[in-house]
Amino acid sequence: MPTISIGRDRLFAALGESYTQEEFEDLCFRFGIELDDVTTEKAIIRKEKHIDEEADDDEEIIYKIEIPANRYDLLCLEGLAQALRVFNKKQEIPTYRLADISKEKMLKMQVKSETSKIRPFVVCAVLRGVTFDEARYNSFIDLQDKLHQNICRRRSLVAIGTHDLDTLQGPFTYEALSPTDINFVPLKQTKSFRADELIEFYKSDLKLKKFLHIIENSPVFPVLYDSKRTVLSLPPIINGAHSAITLQTKNVFIECTATDLTKAKVVLNTMVTTFSEYCEKKFVIEPVEVTYDDGKSYISPDLAVYEMEVPLSYITDSIGVSLKVEEVTSLLTRMQLHAERSKSSDNLAVKVLVPPSRSDVLHPCDVMEDVAIAYGFNNIPTRQPASIKPLSLNELTDLLRTEIAMNVYSEVLTWILCSRKENFALLNRKDDNSAVIIGNPRSADFEAMRRTLMPGILKTVGSNKDHPKPIKIYEIGDVGLLDESKDVGASNRRHLAALHCGATSGFELIHGLVDRIMEVMAIPFVPVNDNTGYYIKLSQEPEFLPGRQASIVARGKHVGNFGIVHPQVLNNFDIADPCSFVEIDIEALL
């Protein structure tokens with residue numbers, strides 16, 4: 001989840017109250033976020049540069065706060081402080097509205113048809129009468145960076161441009177031109193570049209070079225102009241220097257170009273709802289009309305309130321507490337959601353009005369979650385739902401774990417993924433393509449699902465050669481097998497494996513464990529070919545020593561093998577001591 005860094009003193013000033021660290025951690029927990037770390041800006045720099053210095057007493061305390069990935073409204077101090085003030089009942093829920101301006105006086109953005117080849121959508125808005133100081137300005141820039149990394153998917157879906165409107169002249173146009181036809185002075189530069197030259201120039205820039213691939217190979221580049229053909233920006237790479245915002249900027253023009261219109265609207269709404277509190281008219285945003293060459297047009301931003309009706313029974317049953325409608329509406333108000341008793345439903349229901357700042361609320365389950373957060377997770381009584389009953393396989397697994405542990409075996413947990421070599425060659429087996437292979441594996445160590453628990457257990461022993469002998473370990477876990485009867489072509493099987501490693505490790509030691517497992521499973525030992533119980537017979541598995549191995553047949557089915565591990569296999573895993581090993585398919589015993 002994303003983490004934001006906020007100055008403690010500035011945050012407490014915005015909240016109108018000071019807290020001890022423990023009190024603030026408790027507030028974060030109750031709101032559904034987490035205080036991840038407490039540090040200072042100088043400490044962060046010292047850590048990055050590996051400088052060993054004593055901390056100064058006057059260093060500003062920085063709170064690193066972890067927030068949910070879908071709460072874009074909490075990605076900066078302004079949004080977080082406002083949410084906590086509403087949660088603590090110190091502020092009413094803001095009402096965001098568009099400025100009362102006629103369509104004729106509204107700023108216009110004309111979108112040319114060529115943009116469909118590269119980034120077809122754009123949404124815009126204006127914040128009038130903004131008052132910036134250094135902290136607000138930094139927070140404004142930081143929010144853009146956070147959104148670019150998060151919902152914008154590193155600018156591939158949406159790119160945000162912010163401009164000093166007083167340096168520009170509308171109407172604006174959004175075009176797609178050949179790189180050689182675009183020429184402007186980029187942000188923080190004094191020299192004019194052609195767009196193709198700019199791409200080459202930024203290939204050495206650590207921050208911007210990672211965005212070049214988005215448009216680099218396109219025959220046309222997206223570009224925004226004002227009525228005097230002044231370049232606003234070359235999205236998603238860089239803004240123009242001419243319209244750069246400063247601490248003295250009063251009117252901010254925001255444009256978001258995108259390949260996904262829905263995400264562009266979410267990003268724009270997040271920007272304007274968060275910083276409209278600094279406008280001369282609080283929470284009032286000036287709209288912009290966007291018109292396409294085909295005649296289609298719309299007004300942005302879209303600040304419409306989304307209405308949702310949620311049955312009271314759904315909320316109370318899901319959380320597990322009995323609440324009245326009035327209690328639910330009060331709790332939702334603390335989470336910045338206007339709510340009231342629904343009058344249109346025959347059954348008890350809550351009508352929820354979702355503001356444009358809460359793009360994460362998409363389904364009744366999101367409303368239910370907010371009620372649970374405001375109610376307090378610690379206040380919800382713990383209970384076991386009547387509908388949940390353990391699977392018989394899991395109950396058997398737990399019983400077997402206890403039984404083997406009482407035989408003085410220690411449990412290990414190994415990766416379910418392994419390499420093809422571990423599945424076959426290291427176990428003296430030929431690769432017959434019978435393993436479940438992972439598509440596009442990140443590492444050769446994790447390119448297939450294990451067919452047996454043996455590689456993981458042997459790797460554990462090989463990595464703990466200095467451990468006192470004997471080593472007695474076991475694992476109960478899933479293996480992956482090809483299965484044409486399944487829609488995914490594979491199925492999981494629950495296996496039990498145990499290993500005894502030591503100078504005196506022999507066939508009889510692991511045989512005794514097999515007998516004990518069958519005894520607790522109430523499967524009697526019977527003569528060969530008697531299907532009422534279990535028996536063992538000589539096997540020829542390549543991972544075991546010939547003549548010192550056996551297969552286990554229970555109720556007429558082959559369920560496993562045990563014996564002395566082949567010396568070559570032990571050598572493959574760098575194990576010097578003899579090992580006896582058993583593996584049983586416990587699903588076959590159910």
Please say whether the positively charged group of K191, taken as NZ for Lys or CZ for Arg, lies over the ring of F193, i.e. under 6.0 angstrom from the six-membered ring centre and within 45 degrees of the axis.
-> yes
K263 to I151 - nearest heavy-atom pair and separation = CD-O, 3.8 Å
Could you list the residues that satisfy side-chain contact (heavy atoms from CB on, under 4.5 Å) with Y314, not counting sequence neighbours?
-> V310, P311, S318, H363, P364, C365, M368
Side chain proximity check, L107 to P287, heavy atoms < 4.5 angstrom | no
Residues forming a side chain to side chain donor-acceptor pair (under 3.5 Å) with E200, sequence neighbours excluded = K203
Between E286 and K105, is the closest basic N to carboxylate O distance under 4.0 Å?
-> no
What is the ring orientation for F253 with H163, classed by angle as parallel under 30°, tilted 30 to 60°, or perpendicular over 60°?
-> tilted
Thinking salt bridges, do E289 and K103 make one under a 4.0 Å N-O criterion?
-> yes
Within the 6.0 Å centroid threshold, strictly below: F24 and F12 | yes
Just wondering, more than 12 heavy atoms not from K90 lying within 6.0 Å of its NZ?
-> yes
Using distance alone, with no hydrogens and no angle criterion, decide if S357 and Q336 have a side-chain donor and acceptor under 3.5 Å apart.
-> no
Could you tell me whether the side chains of Y278 and E78 share a donor-acceptor contact shorter than 3.5 Å?
-> yes
Applying salt bridge (Lys or Arg N to Asp or Glu O under 4.0 Å) to E114 and not counting sequence neighbours gives none
